[in-house]
There are 2 protein chains.
Amino acid sequence: MDHVDRILAQWQAERPDLQLRPMGLLGRIKRLGAHLGQGMERVFAAHGLNAASFDVLATLRRSGAPYALTPSQLMDWTMVTSGTMTNRLDRLEAKGLIRRVRSDRDARSVTVQLTDEGFALIDACVTEHVANQHRLADALSETEQAELDRLLSKWLAGFEPPED
Amino acid sequence: MDHVDRILAQWQAERPDLQLRPMGLLGRIKRLGAHLGQGMERVFAAHGLNAASFDVLATLRRSGAPYALTPSQLMDWTMVTSGTMTNRLDRLEAKGLIRRVRSDRDARSVTVQLTDEGFALIDACVTEHVANQHRLADALSETEQAELDRLLSKWLAGFEPPED
DNA sequence: GCCTTTTATCTTGACGTCAAGGTATTTCAA
DNA sequence: TTGAAATACCTTGACGTCAAGATAAAAGGC
């Protein structure tokens, strides 16, 4: 009898006409996502970051040398709007973690590049982040994690058709 | 090869020292949660609500007659801070969906009650919401949904120790 | 060469959230 | 009885987000 079960029991009593089966599943995904998010934010915060700024720096870092992408590419990877990305980049630039370089070939275009400070910070942060993810997933065995990943991949494929 | 796989492949190339196994799992939970959240928001929006306002009205509705709880009880159920709840209640009150009643017994306390309009709205909305949840979960068979729910419950139990 | 359309990014305004703190009230131990 | 602590709710200020639209530049049809 967890939090989600209590919610389902209330609905069952008040609206016995409803077919509640998927509600528990969706509720658990949402709550688990919230707990995992909080668990990850702690590591980000220890490095002066949050999920938003980590997301940008990590995307640049894993893109490989020269650790530079355009705002549009970053928007594609992180799935946020242009206004959100402008705001994120403004803050990261103010902290000296990225730098905006105007393109020579296209005056509309900007390249966002990790500074040395940004590179060092994200490299240290992601190392801790990965270790933290291991801790967060430890409640399940490797077999269970693999089975869960299989089911989530199948579900996710309906929203994000795989390519290649 | 989905979006998460592409991220993992980039990390693998750039940081082969990292043990990336749990990263895919956590990434898929996050992305799936985002897609499901968007899918649910559409139904809320069709009734002039969003996830936040739906959450409050649904909590009041499923609490049973007289469909009234204090802000503190609502905070416990919805897991938001007091400032957030005040803001939510202000907006719902302005729309005439809830009403605040000062307590006779404790002058600090307030009872938040569904109005007739609020009751009618949330009852209609939750009916559609449940049908929508079925659609969103349709990508998995009933067996798969049950297995997924089992694994998520186990994982979630580490964050929210079950009671009773 | 021009004019429309598309592309790339930034700006604005509204909203939801939280942390920290404020105010009023109640509780409880001395 | 009274004064400190706890409780219940609200206020404030900062932040992250989005939708809509602004600006500027490039591309393409004629």
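Nearest to the side-chain atoms of B:Thr70 among the listed nucleotides D:dC9, D:dC10, D:dT17 stands D:dC9. Comparing C:dT9, C:dT26, D:dT17 by their nearest atom to the side chain of A:Thr84 picks out D:dT17. Comparing C:dA19, D:dA26, C:dT26 against the side chain of B:Thr81 picks out C:dA19 as the nearest. Minimum atom distance to the side chain of B:Thr86 is reached by D:dC10, of the listed D:dC10, D:dC18, C:dC10. For A:Ala107, taking side-chain heavy atoms from C-beta onward, the closest of the listed nucleotides D:dA26, C:dT9, D:dT17 is D:dA26. Among the nucleotides C:dG16, D:dT17, C:dT11, the one closest to any side-chain atom of A:Asp90 is C:dT11.
On a pure distance criterion of 3.5 Å, no polar donor-acceptor pair joins the side chain of B:Arg108 and the base of C:dT26. Side-chain N/O atoms of A:Ser82 and base N/O atoms of C:dC10 include a donor-acceptor pair closer than 3.5 Å.
Atoms CG (B:Asp76) and C1' (D:dT7) sit 13 Å apart, rounded to a whole Å. As rounded to whole Å, 12 Å separates atom P of C:dG16 from atom CG of B:Leu89. Taking atom CG on A:Asn87 and atom P on C:dC10, their separation rounds to 11 Å, with Å as the unit. Atom CD1 in B:Ile98 sits about 13 Å away from atom C1' in D:dC9, given to the nearest Å. One can place CG of B:Asp104 at 14 Å from P of C:dT25, the figure rounded to the nearest angstrom. Look at CG on A:Leu74: it is 15 Å from C1' on C:dC10, rounded to the nearest Å. Note: CE (A:Met85) to P (C:dT11) measures 15 Å, nearest angstrom. Counting to the nearest Å, the P atom of C:dA14 and the CZ atom of B:Arg88 are 21 Å from each other.
Contact between the side-chain N/O atoms of A:Asn50 and the OP1/OP2 oxygens of D:dG16 is found at a separation under 4.0 Å. Residue A:Arg91 places at least one side-chain N or O under 4.0 Å from the OP1 or OP2 atom of D:dG16.
Residues B:Leu57 and A:Leu26 fall within the same hydrophobic cluster, defined by Ile, Leu, Val, Met, Phe, Trp and Tyr side chains chained together at heavy-atom separations under 4.5 Å.
Within the 4.0 angstrom heavy-atom criterion, only backbone atoms of the sugar-phosphate kind lie near A:Asp106; the bases stay farther away. Contact annotation for B:Arg102: no contact, since no heavy-atom pair falls under 4.0 Å across all strands.
Comparing B:Ser109 and A:Arg105 along DNA chain D, the residue whose closest nucleotide (by nearest heavy atom) sits nearer the 5' end is B:Ser109.
Between the side chain of B:Lys154 and the main chain of A:Glu144, no donor-acceptor pair closer than 3.5 Å is present. Side-chain N or O atoms of A:Thr59 include none that pairs as donor or acceptor with a backbone N or O of A:Leu74 at under 3.5 Å. Judged by distance alone, the side chain of A:Trp155 and the main-chain N or O of B:Gln145 form no donor-acceptor pair under 3.5 Å.
Side-chain atoms of B:Asn50 and B:Ser53 include a donor-acceptor pair closer than 3.5 Å.
A heavy-atom distance below 4.5 Å is found between the side chains of B:Val112 and B:Pro71.
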